[in-house]
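Read the structure below first, then the notes.
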Amino acid sequence: MKSIFNDNFSAHSIDSAESKLSHILANSRQDNVLVDSKVVPLQELTGLSSRRGLENAIICENQIVNVVSNSYGHLPNEKFFLGVEEKLIDADIYYQQRSINRDNRSFVVDYILADDRYKVEVKGDKDILRPMLRFVNSYDGSCKTSGSFGFWRKVCDNGLHVAQTHIGFSVKHSGAIADIVMPELDTIVSQFMDNEFFTLKRKFEVLAERPVYNLEDYVKVTAKSLGIFKYEASDKNPEPSANARFIFDVVERETRLLNTNPNQWIVYNAFNELIHGKLKKTFDQQRVLDERLFDTIYAG
């Protein structure tokens, strides 16, 4: 299949796409991820010796966020995220970004492809998605340094992390500091767009064509299958819990915005919004739950 990256496009269309996406992302999180961090020997901080394997502290914005061994290679965000952006610019990949900083401990930057050639419409022109590259780094060890593909959805300003394509890179250690060696991103993005992108787009469309007639029962069964929350408020109160009501509210909002009836696509996105916006999970846990959620609903 011919790569869409070989197609010609005008600078005007790119400028227009970037302008529209920038406006949409105006209310997205734009946390500062280029925070000051360093590795300092614990003995230097405390004047006391430390046991083997816990020799150093990672300090971020004047707080200790982790204790690590001498073999740990620290990868500062400025090396990681700015390295990604340099590769995107070199590859002439047009993007807008949003960023999340969790207590100066774990970090995410999403690079959303702004070129309209990559725009996905699901059951009408109101439900628009764009491919995005998500890069994760952490100083507290809660997440692996990683890169993966996903989709950004306009209706909810949320990310769908169901793609299997990961962005491989290597880390070279030099004492206590690590350097990232990034691949050529234009080739990786091109391969994703030529292959998995089309499979996932079709699955999204299939879910949008599957109606959900009894929303309460469907939410109850899905929640139980995933085990992420209890549908009932308590053992003595069979009414829907706060998380179940959250799902209902999102489904109601989206069906109204999209002028449609409840379907599996909207229910998936409601659960997805709960996972990424309400439940207290690490970035890695969110991705795993998102994949399980999507597979569970698509199989049903």
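Source: prediction; values computed, not measured. We number each residue from 1, following the sequence as shown.
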Report yes if the side chains of [X] and [Y] come closer than 4.5 Å at any heavy-atom pair, otherwise no.
X    : Y    : answer
K281 : L289 : yes
D186 : D92  : no
P183 : I188 : yes
Y139 : V35  : yes
I266 : T260 : yes
E239 : E232 : no
S146 : F135 : no
I128 : D125 : no

For a quick check under 3.5 Å, do [X] and [Y] share a side-chain donor-acceptor pair by atom type?
X    : Y    : value
Y218 : Q264 : yes
E196 : T165 : yes
D290 : H276 : yes
W152 : D157 : yes
N70  : N56  : yes
S142 : D140 : yes

Between the side chains of [Y] and [X], is the shortest nitrogen-to-carboxylate-oxygen separation below 4.0 Å, so that they form an ion pair?
X    : Y    : answer
R253 : E273 : yes
D31  : R98  : no
E121 : K154 : no
D235 : K230 : yes
E216 : K220 : no
K123 : E205 : no

Just checking [X]: does its [atom1] atom have more than 12 heavy atoms from other residues, nucleotides or ligands closer to it than 6.0 angstrom?
X    : atom1 : result
K38  : NZ    : no
E86  : CD    : no
N259 : CG    : no
N237 : CG    : yes

What distance separates [X] [atom1] from [Y] [atom2], expressed to the nearest 0.5 Å?
X    : Y    : atom1 : atom2 : value
Q285 : C143 : CD    : SG    : 8.0 Å
F80  : F107 : CZ    : CZ    : 12.0 Å
N272 : C156 : CG    : SG    : 7.0 Å
Q286 : L274 : CD    : CG    : 10.5 Å
M182 : E85  : CE    : CD    : 11.0 Å
L207 : R202 : CG    : CZ    : 10.0 Å

**Q.** side-chain contact (heavy atoms from CB on, under 4.5 Å) evaluation trace for V68 with L54
**A.** CA-CA 5 Å; V68 298; L54 297 174; over 6 Å; no

Quick one: are the ring centres of [X] and [Y] less than 6.0 Å apart?
X    : Y    : answer
Y118 : Y94  : no
F204 : F151 : yes
Y268 : F294 : yes
F149 : H166 : no

Same apolar cluster (I L V M F W Y, side chains within < 4.5 Å links), [X]/[Y]:
X    : Y    : answer
V33  : V108 : no
L75  : I64  : no
F271 : F248 : yes
L257 : L129 : yes

Q) Step by step, would you call N243 with S241 a side chain to side chain donor-acceptor pair (under 3.5 Å)? A) CA-CA 5 Å; N243 286 332; S241 64; 5.2 Å; no

Q. Do the numbers put R102 on top of the ring of F283, so that NZ or CZ is under 6.0 Å from the six-membered ring centre and no more than 45° off the axis?
A. yes

(Q) As a test of understanding, state which of R134, R29, R130 forms a salt bridge (Lys or Arg N to Asp or Glu O under 4.0 Å) with D110. (A) R134

